[in-house]
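Contents: one structure, followed by commentary.
Since the model is a prediction, treat every value here as computed from it, not as a measurement.
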Amino acid sequence: MYPLSALSPGRRARVLQVAPERRRLLALGLRPGALVEVLLQAPLGDPLEVRAGEAFLLLRKEEAQAVMVEALEEA
């Protein structure tokens with residue numbers, strides 16, 4: 001289990017938990033059990049473009065650190 005911010009572009013993961021103070025992320029679709037994929041990462045790591053279901057999100061590094069994920073095996 002590690003933060004979403006540690007996932008490299010092109011990797012997929014399953015959300016395990018979201019910090020309670022980040023309710024906005026839950027409303028955007030980053031809920032436990034959701035599948036996410038990191039699409040792009042800015043050169044300094046901020047922001048991060050993530051696809052969660054049908055939604056495309058731009059997250060600050062601080063926000064992505066509040067989302068704990070487990071990486072899925074690559075096919």
Side-chain angles (χ1 to χ4, degrees):
M1 180 165 76
Y2 48 90
L4 179 58
S5 60
L7 213 60
S8 57
R11 296 291 313 267
R12 293 173 26 126
R14 182 177 316 281
V15 176
L16 297 177
Q17 66 185 45
V18 178
E21 66 273 10
R22 298 294 182 173
R23 290 188 183 133
R24 182 181 81 84
L25 298 178
L26 293 169
L28 292 173
L30 291 174
R31 300 176 180 276
L35 297 178
V36 296
E37 179 181 3
V38 175
L39 301 174
L40 297 171
Q41 187 173 28
L44 297 176
D46 195 3
L48 197 66
E49 183 179 5
V50 176
R51 178 172 44 203
E54 298 297 318
F56 292 87
L57 311 170
L58 286 174
L59 301 176
R60 290 183 223 126
K61 193 173 186 177
E62 173 186 318
E63 292 174 315
Q65 289 174 339
V67 180
M68 301 306 288
V69 298
E70 67 176 348
L72 299 176
E73 296 297 321
E74 294 189 36

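Note on V38: it does not cluster hydrophobically with L35, by side-chain heavy-atom contacts below 4.5 Å among ILVMFWY residues.
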For a quick test of your reading: what N or O donor-acceptor pairs under 3.5 Å do the side chains of residues 40-56 make, sequence neighbours left out?
{"residue": "D46", "atom": "OD1", "partner": "K61", "partner atom": "N", "Å": "3.1"}
{"residue": "R51", "atom": "NH2", "partner": "E37", "partner atom": "OE1", "Å": "2.5"}

Show every donor-acceptor pair shorter than 3.5 Å between a side-chain atom in residues 17-28 and any protein atom, with sequence neighbours excluded, or say none if there are none.
{"residue": "R22", "atom": "NH2", "partner": "E62", "partner atom": "OE2", "Å": "2.7"}
{"residue": "R24", "atom": "NH2", "partner": "E63", "partner atom": "OE1", "Å": "3.4"}
{"residue": "R24", "atom": "NH2", "partner": "E63", "partner atom": "OE2", "Å": "2.3"}

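Minimum heavy-atom separation, A71 to A13: CA-CB, 4.0 Å.
The shortest side-chain heavy-atom distance between V36 and V67 does not fall under the 4.5 Å cut-off. Counting only heavy atoms from C-beta outward, the side chains of L72 and R14 approach each other to under 4.5 Å.
As a member of the Ile/Leu/Val/Met/Phe/Trp/Tyr network built from side-chain separations under 4.5 Å, M1 groups with L16, M68.
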